[in-house]
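These notes concern the structure reproduced below.
In the text below, chain A, chain B and the rest are named by the order of the sequence lines, each starting its count at 1.
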Number of protein chains: 2
Amino acid sequence: MSDSAIRPRKEFGKTIAADITHRLREEIIACGLAPGEPLRFDVLRERFGASFTTLREALTALAAEGLVDAQEQRGFRVAPVSRQDLVEVTDARVLIEVELIRRSIERGDDDWEIAVISTLHRLKRIEQRDPEHPLRDPEWKIAHRQFHQALVSACGSATLLAIRAELFDRAERYRHLSANFRPRPRDKAGEHQAIMQAAISRNADLAVQLIEAHIRSTSDNVTKYAGHLLDAE
Amino acid sequence: MSDSAIRPRKEFGKTIAADITHRLREEIIACGLAPGEPLRFDVLRERFGASFTTLREALTALAAEGLVDAQEQRGFRVAPVSRQDLVEVTDARVLIEVELIRRSIERGDDDWEIAVISTLHRLKRIEQRDPEHPLRDPEWKIAHRQFHQALVSACGSATLLAIRAELFDRAERYRHLSANFRPRPRDKAGEHQAIMQAAISRNADLAVQLIEAHIRSTSDNVTKYAGHLLDAE
DNA sequence: ATCGGTATGATTTTCGAAAATATGGTCTGG
DNA sequence: CCAGACCATATTTTCGAAAATCATACCGAT
């Protein structure tokens, strides 16, 4: 029996449910499934090749993360977007990210510095390759996520890191929402570089200031270029 | 056909899964299910009268809340407790609760004041009735939760309130853990009264200071009287 | 005695059928 | 023409059997 004949069903987690959760999450973040769109089991069953109950488990998990909206007895839908929600996510991110940056700068060791520098380096490499549409490049998305993750990774609180990760995902969905309408990306490379330098040189106040501006300007860009999408809901 | 013959299966949510999620959550918080204890489906099936998949959905939701630990392919267990986790939960609570109190004091209207005053009044009534073992009284637990909820309810961020609620639950489990070893409750009534007065008089700095002390002293009490339970894990 | 493999029992995970519930349209009486 | 009851259909929710996976004990070879 050759292995190649067996189609691997679990690319990510060990269980199918965890795998589907991951794939659904990515698709919702990338707006492949539109905000507010009903998630019907027949459709999902065909698209993801899993049974009712397995899909249900995945949707329940994503509902707890705030990416899916569970309407009891009336199924699930992709979590809607709104100006209010964007403001809440942005404010919460600032509150938590600022705290975690401070703690990481306070506690970060050599490994932390290396992680910050190397993830930024990888990010810049990818940006040089295709500077026009970074959000459409899956590799850029991963590298961008990993750089910001590295910045706060030395904070010492798994609890706050988990909360931060959920908020990051919810914010990334808004970035995707506006990506198609944004004329050209602003100078993110420079911002990331400045944040890295402030962090490595242990200048906490500056790093905090740059991170807050980074988060808020991203949010402002969404309002500016995708504001019309936030009212329809 | 008489209604009395039908046993109501859904006391809380509309779906059985939501109901089981709620009951399991309460039981884990009250330490009726011990930290680290394996959650085997056979046992849960008998205890809660639901099928594998329904239980699985409930456990998945609680895993996302941090009350259950999902070990892929090896089932679920009640989330373990540890000094580290207690410190993380406490710090995260302080960070968020402080922010929400400030916002509520800033934004709270008449209804907010009424909610704060009336929930405190109810709490004190219940305390007078049985001042010895408040945590064993389900009514006190509910009233206590509602008072603290009322304090932050005017903050304007459903996102942060949801995060706060999860952290509150995780902290309450630690309180239950130490309840059996604590000699006598400290003067919580006085602390709550002072917090209420600071909030209603819009003294944000004082309210923040009192809330932080309240949260940290609760946590310290757990370490003091249930520290031995935190090392075993 | 130790290691590696393997059979066995226990447990979790997944599936699709069946039950429960919601939705939408039709009919009837006012 | 409208409101409300009723039926038919679409969809979700729940169930227990079946498949997959893990843990353990046993065995034989080195």
Task: Between Gln146(A) and Thr119(A): side-chain donor-acceptor atoms closer than 3.5 Å - done: no
Open item on the list: One thing to verify: whether Glu172(B) and Arg145(B) come together as a salt bridge, which I'm taking to mean a side-chain N less than 4.0 angstrom from a carboxylate O.
Closed with: yes
TODO: Rounded to the nearest angstrom, tell me the gap between atom CG in Leu55(A) and atom P in dC15(C).
DONE: 9 Å
Task: Any Arg74(A) side-chain N or O less than 4.0 Å from OP1/OP2 of dT23(C) - done: yes
Open item on the list: Distance check needed: dT12(C) C1' versus Gln71(B) CD, whole Å only.
Closed with: 12 Å
Open item on the list: Rounded to whole Å, how long is the line connecting atom CZ of Phe48(B) with atom P of dT14(D)?
Closed with: 15 Å
Open item on the list: Quick check for you: among dT11(D), dT12(C), dC22(D), whose closest atom lies nearest to any side-chain atom of Lys14(A)?
Closed with: dC22(D)
List, with names and distances, any nitrogen or oxygen atoms from the protein found under 3.5 Å away from nitrogen or oxygen atoms belonging to nucleotides 16-19 of chain C.
from, atom 1, to, atom 2, distance (Å)
dG16(C), O6, Thr53(A), OG1, 3.2

Open item on the list: Distance check needed: dT21(C) C1' versus Gln73(A) CD, whole Å only.
Closed with: 6 Å
- [ ] Ignoring backbone atoms, test whether Thr54(B) places a side-chain nitrogen or oxygen under 4.0 Å from the OP1 or OP2 oxygen of dC15(D).
- [x] yes
Open item on the list: By the 4.0 Å heavy-atom rule, please label Arg56(A) as base, sugar-phosphate, or nothing.
Closed with: base
Task: More than 12 heavy atoms from other groups under 6.0 Å of CZ on Arg125(B) - done: no
Task: Value in whole Å for how far the P atom of dT12(C) lies from CZ of Phe76(B) - done: 9 Å
Task: All ring pair (Phe, Tyr, Trp, His ring centres under 6.0 Å) counterparts of Phe181(A), not counting sequence neighbours - done: His228(A)
Open item on the list: Among residues at least two apart in sequence or on other chains, which ones pass salt bridge (charged side-chain N to carboxylate O under 4.0 Å, His left out) with Arg175(B)?
Closed with: none
Task: Between P of dT12(D) and CG of Leu44(A), the distance in whole Å - done: 8 Å
Task: Option passing ring pair (Phe, Tyr, Trp, His ring centres under 6.0 Å) with Phe147(B) (candidates His214(B), His192(B), His121(B)) - done: His192(B)
- [ ] Quick one: label Leu39(A) by what it contacts on the DNA or RNA (base, sugar-phosphate, nothing), any heavy atom closer than 4.0 Å.
- [x] sugar-phosphate
TODO: Using atom CG of Asp19(A) as one end and atom C1' of dT13(C) as the other, report the distance to the nearest whole Å.
DONE: 14 Å
Task: Arg122(A)/Glu139(A) ion pair, N-O < 4.0 Å - done: no
TODO: Starting from P on dC15(C), measure out to CZ on Phe41(A) and report it in whole angstrom.
DONE: 14 Å
